[in-house]
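Down below is the structure, laid out as structure tokens.
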Amino acid sequence: MTDGTPSVRYEKKDRVAYITLDRPAVLNAMDLRMHDELATIWDDFERDDDIWVGVLTGAGDRAFSAGQDLKERAALDRAGAPPTSFGSRGLPGWPRLTERFDLTKPLIARVNGYAIGGGFELALACDIIVAAERAIFALPEARFGLIPGAGGAFRLARQLPLKTALGHLLTGRELSATRALELGLVNEVVPDRELDDCVRGWVDDILRCAPLSVRAIKEAVMRSADVPLEQAFGVQYHWEERRTRSLDAGEGPRAFTEKRRPVWSGR
């Protein structure tokens with residue numbers, strides 16, 4: 001039973017969407033209700049042209065997210081629910097962030113503690129990861145008879161050297177923030193007290209850029225990642241076509257010529 005209070009906080013301010021997983025008492029573990037709420041949020045985040053960047057984090061000072069709510073999973077098992085596997089099709093919240101391959105706005109993961117299991121998979125699905133020094137990453141599913149079904153097995157093997165990824169996937173071993181930075185898995189690691197300032201710096205740098213350029217770049221990078229270089233040049237990219245026809249495409253060179261800071265409209 002729930003008290004009707006949302007398990008995710010969604011706030012918009014100054015072109016930025018702040019998405020906060022809000023179950024700190026259980027380390028922001030994700031239940032089906034949270035996934036359902038997040039689906040509505042991701043729809044709005046992508047659709048709202050006044051929002052140019054998002055920040056995803058967890059409430060409290062202990063965890064980004066501990067992943068799947070295993071107490072709920074055990075109750076579902078007792079009730080005869082089918083086991084989960086790769087992906088979330090047919091489940092509440094589909095498509096979840098980990099399967100929103102056409103999400104073109106930049107998303108920053110603010111990792112303030114444990115990012116375990118599905119929590120780590122959420123972070124891996126973001127574009128930039130900023131972590132506090134105390135942050136811990138892990139995919140321990142094998143220890144619970146599960147798999148990293150929200151893309152962790154796929155993304156970790158693409159974002160780390162294969163044997164390094166397998167070492168963590170097959171054992172559930174933890175990865176410190178410092179080690180994640182050394183491996184290029186996160187963008188920046190800072191003392192806990194500096195985390196918000198660091199995230200704000202990344203947000204500000206993105207907001208200085210033309211929003212259509214940012215979306216076009218992200219779309220091009222993600223769609224061409226597994227495409228031969230020669231073919232990548234010939235792909236039609238929706239947001240690049242939007243950018244070339246936009247007012248902002250002329251604003252940048254004009255502002256440079258006039259020696260002033262560009263004023264982006266996102267149109």
Identify which one of N28, L21, I19 satisfies the side chain to side chain contact (heavy atoms under 4.5 Å, CB included) criterion when paired with L122. L21
Ignoring hydrogens and geometry, is there a side-chain-to-backbone donor-acceptor pair from R96 to L38 under 3.5 Å? no
Give a yes or no on whether the backbone of A216 and the side-chain of E240 come within a donor-acceptor separation of less than 3.5 Å. no
Above 12 or not: heavy atoms from other molecules or residues under 6.0 Å from CZ of F256? no
Return yes when atom CZ of R173 has more than 12 non-hydrogen atoms of other residues, nucleotides or ligands closer than 6.0 Å, and no otherwise. no
One thing to verify: whether D77 and R73 come together as a salt bridge, which I'm taking to mean a side-chain N less than 4.0 angstrom from a carboxylate O. yes
Donor-acceptor contact present, side-chain E99 to main-chain W94, <3.5 Å: no
Please tell me if the side chains of R110 and D196 come closer than 4.5 Å, counting only heavy atoms from C-beta onward. yes
Passes side-chain contact (heavy atoms from CB on, under 4.5 Å), L32 versus L76? Steps please. CA-CA 11 Å; L32 296 180; L76 290 169; 4.0 Å; yes
Spatial distance of atom CD (E182) from atom OG (S176) [nearest 0.5 Å]: 7.0 Å
I'd like to know if D205 pairs up with R208 as an ion pair, taking the criterion as any Lys NZ or Arg NE/NH1/NH2 lying under 4.0 Å from an Asp or Glu carboxylate oxygen. yes
Just wondering, are more than 12 heavy atoms of other shown residues or ligands nearer than 6.0 Å to NZ in K71? no
Are there more than 12 heavy atoms of other residues, nucleotides or ligands under 6.0 Å from atom CZ of R261? no
Show me the pairs that pass ring-ring contact (aromatic ring centres under 6.0 Å, His included) and involve residues 41-93, at least two apart or across chains. F86-F154
R23 vs D31, side-chain contact (heavy atoms from CB on, under 4.5 Å): CA-CA, chis, key distance, verdict: CA-CA 10 Å; R23 300 182 73 209; D31 58 6; 3.5 Å; yes
Donor-acceptor contact below 3.5 Å, side chain S246 vs main chain A249: yes
I'd like to know if the side chain of E133 pairs up with that of T178 as donor and acceptor (distance under 3.5 Å, no hydrogens or angles considered). no
State whether the side chain of K105 and the backbone N or O of D48 hold a donor-acceptor pair below 3.5 Å, judged by distance alone. yes
How far does CZ of R223 sit from CG of D102, to the nearest 0.5 angstrom? 10.0 Å
Could you walk me through whether Q68 and L146 satisfy the side-chain contact (heavy atoms from CB on, under 4.5 Å) test, starting with their C-alpha distance in whole Å, then the side-chain angles of each, then the deciding distance to 0.1 Å, before giving a yes or no? CA-CA 11 Å; Q68 181 178 193; L146 304 171; 4.1 Å; yes
What do you reckon, is CD of E230 surrounded by more than 12 foreign heavy atoms closer than 6.0 Å? no
Between E219, H238, E46, K218, which is the residue that forms a side chain to side chain donor-acceptor pair (under 3.5 Å) with T104? E46
So which atom in L97 and which in A125 form the shortest heavy-atom distance, rounded to 0.1 Å? CG-CB, 4.1 Å
In the structure I gave you, are the side-chain heavy atoms of L169 and L156 within less than 4.5 Å of one another anywhere? yes
Side-chain ion pair, R100 and D43, N-O less than 4.0 Å: yes
Determine whether T244 and Y237 make a side-chain contact, defined as any pair of heavy atoms from C-beta on separated by less than 4.5 Å. no
Taking the side chain as every heavy atom from C-beta outward, state whether R215 and R243 have any atom pair closer than 4.5 Å. no
Please check: side-chain N/O of N187 versus main-chain N/O of V130, any donor-acceptor pairing under 3.5 Å? no
Heavy-atom side-chain contact between I128 and I206 under 4.5 Å: yes
Does atom OH (Y114) have a neighbourhood of more than 12 heavy atoms from anything else shown, all under 6.0 Å? no
Verdict with supporting geometry, L175 and L183, side-chain contact (heavy atoms from CB on, under 4.5 Å): CA-CA 10 Å; L175 188 64; L183 292 168; 4.0 Å; yes
Mark yes or no for whether R267, through its side chain, and S265, through its backbone, hold a donor-acceptor pair below 3.5 Å. yes
Please answer whether the main-chain N or O of E174 pairs with a side-chain N or O of R179 as donor and acceptor at a distance below 3.5 Å. no
Flag side-chain contact, heavy atom, 4.5 Å: L27 against I116: no
I want to check something: taking the side chain as every heavy atom from C-beta on, are L103 and M222 in contact at a cut-off of under 4.5 Å? no
So that I can tick it off, tell me whether R260 and E251 are bridged by a salt bridge, with the cut-off set at under 4.0 angstrom between side-chain N and carboxylate O. yes
Looking only at heavy atoms, what is the nearest atom pair of I108 and V203, with distance? CD1-CG2, 3.8 Å
Expected output: side-chain N112 to main-chain A132 donor-acceptor under 3.5 Å: no
Got a sec: does the CZ of R89 have more than 12 other heavy atoms crowding it under 6.0 Å? no
Heavy-atom neighbours of E258 CD exceed 12 at 6.0 Å: yes
Distance in Å, T57 OG1 paired with R9 CZ, rounded so as to fall on 0.5 Å steps: 9.0 Å
Are the side chains of D44 and I51 in touch, meaning some heavy atoms are under 4.5 Å apart? no
